[in-house]
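Report on one structure; see the data block that follows.
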Amino acid sequence: MKTYFVTGGAGFIGSAFVKQVLDRKPDATIVNYDALTYAGNLANLEDVDSDRHQFIRGDICDRAAVMAAMPEGCDAVFNFAAESHVDRSIESADEFLRTNVIGTQVLIDAARTKGVRRFVQVSTDEVMGSLADDTNDYFTEDSLLQPNSPYAASKAAAEFVVRAARETHGVDAVITRCGNNYGPRQFPEKLIPLMIANAFNDEPLPVYGDGRNVRDWIYVGDHCAGIWAAFERGIDGKAYNIGARNEQFNIDVVTSILDALGKPHSLIKYVTDRPGHDRRYAIDPTLAETELGWKPMVTWEDGLRSTIDWYLNNSDWVNNVRNGEYQEYYAKMYGGR
Ligand code: NAD
Ligand code: DAU
């Protein structure tokens with residue numbers, strides 16, 4: 001059996017990863033370590049094969065708890081745990097720096113002590129900043145790190161923590177940088193689930209700025225397969241960009257959701273832009289395709305349709321997470337915007 005330590009495995013992408021690995025790798029055992037913040041949800045793990053899955057509630061910044069939870073000599077640490085929402089980082093950066101930077105250092109230190117074979121840092125294309133409109137520029141592994149939001153800065157800092165551990169202490173490490181994920185169980189602070197929930201409830205759909213910002217969308221399962229490929233076949237010390245060559249204007253994403261639900265475009269409400277709003281993300285995934293033998297399997301049309309269907313068929317999940325804390329968050333972020 002192989003043992004993997006996954007952090008943030010009760011969140012959107014981490015839970016999809018845990019399930020995919022347990023499904024595809026019969027020899028895999030996972031220790032899933034998650035603090036269960038507002039974004040962590042044990043309901044995301046309800047259908048997991050419990051024999052090979054152990055859940056431990058804990059904070060990645062808690063050194064003693066991490067040391068107690070991380071198995072000796074495990075095959076990999078997959079670090080998904082993070083504060084992940086740009087808008088929250090604009091309100092307050094403290095928790096982002098604590099979890100995303102200090103937490104990563106704690107995990108690295110524990111991985112060294114425990115003799116972990118490989119450290120996989122799940123990073124983001126946002127560390128590379130923003131691309132201009134109307135160019136053929138793409139993010140590659142040689143792009144400069146020039147983060148623009150506090151969230152992106154914390155993720156870039158985490159990458160440097162990992163890099164330093166490798167250069168200084170010889171920690172075997174790979175980094176993945178993916179674009180915008182979508183799929184089931186994404187917390188409805190992010191664009192797609194927020195718009196699906198609002199459209200379903202005939203509430204306004206708040207589009208920032210002119211709606212012409214571009215994001216490069218990928219189905220969550222394809223991202224998870226890319227992370228696994230980087231773990232299995234990635235070269236020590238390298239970063240891999242993971243993307244599905246699927247650039248979309250925000251406004252087109254929003255109108256596609258309205259059309260799929262048979263709702264009027266008059267629900268769209270243009271609101272004050274996000275400060276420092278990155279204009280365009282676009283990933284060149286050639287290195288992952290050639291060196292890792294990875295490619296995305298889910299088309300945008302199929303993925304968006306099945307995602308919308310999942311939210312429609314899982315109203316209990318949606319209603320549970322759109323609870324009191326969420327209502328307060330929503331009023332603060334969108335009230336009077
Ligand atoms: P998420 O917000 O849905 O989940 C984050 C998880 O981390 C939650 O389960 C939460 O409880 C846990 N967590 C937060 N702070 C913690 C702490 N201090 N200790 C332990 N656990 C903690 O995030 P997501 O969208 O699933 O993103 C997962 C990872 O992928 C993040 O590192 C993010 O930066 C990265 N990423 C996300 C996207 C995207 O589009 N969502 C794209 C590229 C990379
Ligand atoms: O690119 C990868 C990143 O994608 C991840 O690292 C982040 O964790 C993830 O949150 C995501 O960041 P974005 O800021 O791109 O995602 P978000 O869903 O917040 O916004 C997507 C776009 O939609 C962005 O241009 C802002 C816009 N938007 C978002 C919300 C929530 C709106 O117009 N209205 C909204 O209400």
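We count ligands from 1, going down the list as the structure has it; atoms in each ligand are counted the same way.
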Taking the six-membered ring for Trp and the full ring for Phe, Tyr or His, determine whether the centres of Phe78 and Phe5 are under 6.0 Å apart. no
Indicate, with yes or no, if the rings of Tyr326 and Tyr38 have centres closer together than 6.0 Å. no
If you take the centroid of each ring, where Trp contributes its six-membered ring, are Trp228 and Trp294 closer together than 6.0 Å? no
Close-contact set for ligand 1 against Asp59 heavy atoms, below 4.0 Å: 17 (C), 18 (N), 19 (N)
Looking at Asp216 and Gly243, would you say the former's side chain and the latter's main chain have a donor-acceptor pair under 3.5 Å? no
What residues come within 4.0 Å of ligand 2, counting heavy atoms only? Ser84, His85, Val86, Thr124, Asp125, Glu126, Tyr151, Cys178, Gly179, Asn180, Glu189, Lys190, Leu191, Met195, Pro206, Val207, Tyr208, Asn213, Arg215, Asn250, Arg274, His277, Tyr281, Tyr334
Answer yes if the side chains of His265 and Asp259 hold a donor-acceptor pair under 3.5 Å, and no otherwise. yes
Heavy-atom contacts with Leu36 under 4.0 Å: which atoms of ligand 1 show up? List them by number with element. 11 (O)
Looking at ligand 1, would Ala10 count as a contact under a 4.0 Å heavy-atom criterion? yes
Measure from atom 34 (O) of ligand 1 to every heavy atom in Tyr38, Phe96, Tyr151 and give the option owning the shortest one. Tyr151
In terms of atom number and element, which parts of ligand 1 are under 4.0 angstrom from non-hydrogen atoms of Lys155? 31 (C), 32 (O), 33 (C), 34 (O)
What's the shortest distance from atom 3 (O) of ligand 1 to any protein heavy atom, and which residue and atom give it? Phe12 N, 3.2 Å
Judged by heavy atoms only, the candidate from Cys178, Gly14, Ala81 nearest atom 22 (C) of ligand 1 is Ala81
Out of Ala82, Ser84, Gly8, who is nearest to atom 5 (C) of ligand 1 when you count heavy atoms only? Ala82
Can you tell me if Asp59 and Tyr33 form a side-chain donor-acceptor pair at under 3.5 Å? no
Candidates Asn44, Val220, Asn79, Thr37; heavy atom nearest atom 13 (N) of ligand 1 found on Thr37
Ionic contact status for Asp172 with Arg117, cut-off 4.0 Å: no
Which of the numbered atoms in ligand 1 are under 4.0 angstrom from any heavy atom belonging to Phe80? 28 (C), 29 (C), 31 (C), 32 (O)
Could you find the nearest protein heavy atom to atom 40 (O) of ligand 1 and give me its residue, atom name and distance? Asn181 N, 2.9 Å
Under 3.5 Å, is there a donor-acceptor pair linking the side chains of Asp109 and Gln105? yes
Taking atom types as modelled and ignoring hydrogens, do the side chains of Asn79 and Thr7 form a donor-acceptor contact shorter than 3.5 angstrom? yes
Does either side chain, that of Asn44 or that of Glu46, offer a donor lying less than 3.5 Å from an acceptor on the other one? no
Considering non-hydrogen atoms of the protein only, which is the closest contact for atom 30 (O) of ligand 1, and what is the distance? Val122 CG1, 3.5 Å
In this structure, atom 11 (O) of ligand 1 is nearest to the protein heavy atom Asp34 OD1, 2.6 Å
Between Thr99 and ligand 1, is there a nitrogen or oxygen pair with a distance under 3.5 Å? yes
Does the gap between the ring centers of Trp300 and Tyr182 come in under 6.0 Å? yes
With a 3.5 Å cut-off and no angle check, do the side chains of Glu291 and Tyr240 form a donor-acceptor pair? yes
Strictly by salt bridge (charged side-chain N to carboxylate O under 4.0 Å, His left out), give each pair with a member in residues 84-93 just once, sequence neighbours left out. Asp87-Arg274, Arg88-Glu189, Arg88-Glu325, Glu91-Lys332
Can you tell me which residue and heavy atom of the protein come closest to atom 21 (N) of ligand 1, and the distance to 0.1 Å? Ala35 N, 3.1 Å
Which residue is it: Arg57, Gln54, His53? I am looking for the one with a side-chain hydrogen bond (donor to acceptor under 3.5 Å, both in side chains) to Asn32. His53
Report, in ascending order of atom number, the atoms of ligand 1 lying under 4.0 Å from any heavy atom of Gly58. 19 (N), 20 (C)
Can a donor-acceptor pair be found between the side chains of Thr140 and Asp142 at a distance below 3.5 Å? no
Can you list the residues that meet the ring pair (Phe, Tyr, Trp, His ring centres under 6.0 Å) rule with Tyr281, with sequence neighbours excluded? none
How far is atom 4 (O) of ligand 1 from its nearest protein heavy atom, and which residue and atom name does that atom have? Gly11 CA, 3.5 Å
Those atoms of ligand 1 less than 4.0 Å from some heavy atom in Gly179: 40 (O), 42 (C), 43 (C)
Please classify the Ser123 to ligand 1 contact at 4.0 Å (heavy-atom distances, strictly less than): side chain, backbone, both or neither. backbone
For ligand 1, which atoms have a heavy atom of Asn180 less than 4.0 angstrom away? 40 (O)
Using ring pair (Phe, Tyr, Trp, His ring centres under 6.0 Å) as the criterion, list what pairs up with Tyr311, not counting sequence neighbours. none
Among all protein heavy atoms in this structure, tell me which lies nearest to atom 19 (N) of ligand 1, with the distance rounded to 0.1 Å. Ile60 N, 2.9 Å
Quick test: of every protein heavy atom, which one is nearest to atom 37 (C) of ligand 1, and how far off is it to 0.1 Å? Ile13 CD1, 3.4 Å
Which ligand 1 atoms, with their elements, are less than 4.0 angstrom from a heavy-atom of Gly40? 8 (C), 9 (O), 10 (C), 11 (O)
